[in-house]
Number of protein chains: 2
Amino acid sequence: MKTVSFEDLQKELKNRNINLSYQRLKILQYLTNSQIHPTVDQIFTDLHKDIPTLSKTTVYNTLKLLVQSDLAKVLTIEDNETRYDINIENHGHFKCESCGEIYDFTIDLDSIANKELKNFKINDKKVYFKGICPRCLN
Amino acid sequence: MKTVSFEDLQKELKNRNINLSYQRLKILQYLTNSQIHPTVDQIFTDLHKDIPTLSKTTVYNTLKLLVQSDLAKVLTIEDNETRYDINIENHGHFKCESCGEIYDFTIDLDSIANKELKNFKINDKKVYFKGICPRCLN
DNA sequence: TAATCATATTGTAATGATTACAACTCTGTA
DNA sequence: TACAGAGTTGTAATCATTACAATATGATTA
């Protein structure tokens, strides 16, 4: 699975004339280091320990920026929790209905193109699975 | 694509000892007749014309019931709009980013099983595409 | 260095979807 | 008719997200 380095991200932001402020840096680090596809609340709560002045609005703003810049993606596996993912192509997401953990799995999104959609312009593909993970099956 | 008849649905509800009240009947009809994958608000607004006493809570309650009974599915293509779909297997959803319309397309969900997940118990698979539909491309 | 300007951050208030809950209604049965 | 259980309704509460105005920051130029 292709990984995105911090340097890549920094470069991308430069290209788009987006300043890498301290807060944005920390949020980017959080997204790349923790592979947990966090919710806004998780990001805010964890980072707030290091940055007591951090505002939740800043987290929202930064995530919106990253999504618009195509550096992050919104995951809507559940209707009541929006999660964020550093943008790595060609993978799907599995959510365990027991422990709530989210697993990445590789999938060739190109291979699930569809004849019916040959006249459609496809910009984004999402694949979400739900079930029970091996750990919880025991 | 497999279609679900009204009689099938009624039978399913009987099996589960769920009463088919007037409101529930209307909501079921709405879901089967209109193929628009409606939001709660669409269902409520449209049915409210016929049933002025209808409450939005009833719509929520009924949809929850249908989902729990596995007769309907929740669609979370966007993080800000929850939609509902009568449960038909083996199809994905395409949402046009221009007009907002949602298109079904057939897809063999079994074929996108994944070796990495061979020890996972998979209960549900969702495939969401986004882009521009042919009508809006012109 | 000081002044200026654009951008980023913050905190609070507003919005909107969903849920909780208590009162009321309906239907069937004894 | 009285009762019980289930379904519906409307209001209030909750929670995530957005809007917005005030403040802070940081770079640039004189």
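Per chain, numbering begins at 1; letters A, B, ... match sequence-line order.
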Summarise protein proximity over nucleotides 5-18 of chain C in one line of letters, 5' to 3': B for base, S for sugar-phosphate only, - for none, counting protein heavy atoms closer than 4.0 Å. ---SSBBB----SB
Protein-proximity profile, nucleotides 24-30 of chain C, B/S/- by nucleotide at the 4.0 Å heavy-atom cutoff, equals -------
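Between the C1' atom of D:dT17 and the CD atom of B:Glu78 lies a distance of 15 Å, rounded to the nearest Å. Here D:dC15 presents its C1' atom at 15 Å from CZ of A:Phe44, a figure rounded to the nearest Å. Computed from coordinates, the B:Lys64 NZ to D:dT8 P distance equals 15 Å when rounded to whole Å.
Contact record, B:Phe129 with A:Leu117: CD2-CD1, 3.6 Å, taken as the closest heavy-atom pair. Minimum heavy-atom separation, B:Cys133 to B:Phe94: N-CE2, 4.1 Å.
Here the two rings, on B:Tyr103 and A:Phe120, have centers that are under 6.0 Å apart.
Pair assignment for C:dT18 gives D:dA13, based on Watson-Crick or G-U wobble hydrogen-bonding distances that are each under 3.5 Å.
Taking a cutoff of 4.0 Å between a charged side-chain nitrogen and a carboxylate oxygen, B:Asp124 and B:Lys126 qualify as a salt bridge.
Tracing side-chain contacts under 4.5 Å through hydrophobic residues (I, L, V, M, F, W, Y), one never reaches B:Ile102 starting from A:Ile112; they form parts of separate clusters.
Scored by the ring pair (Phe, Tyr, Trp, His ring centres under 6.0 Å) test, B:His93 finds B:His37, B:His91 as partners (sequence neighbours excluded).
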Between A:Thr62 and A:Gln23, does a side chain to side chain contact (heavy atoms under 4.5 Å, CB included) hold up when you go through it step by step? CA-CA 8 Å; A:Thr62 301; A:Gln23 286 85 343; 5.5 Å; no
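Between A:Phe44 and A:Thr58 there is no side-chain heavy-atom pair separated by less than 4.5 Å.
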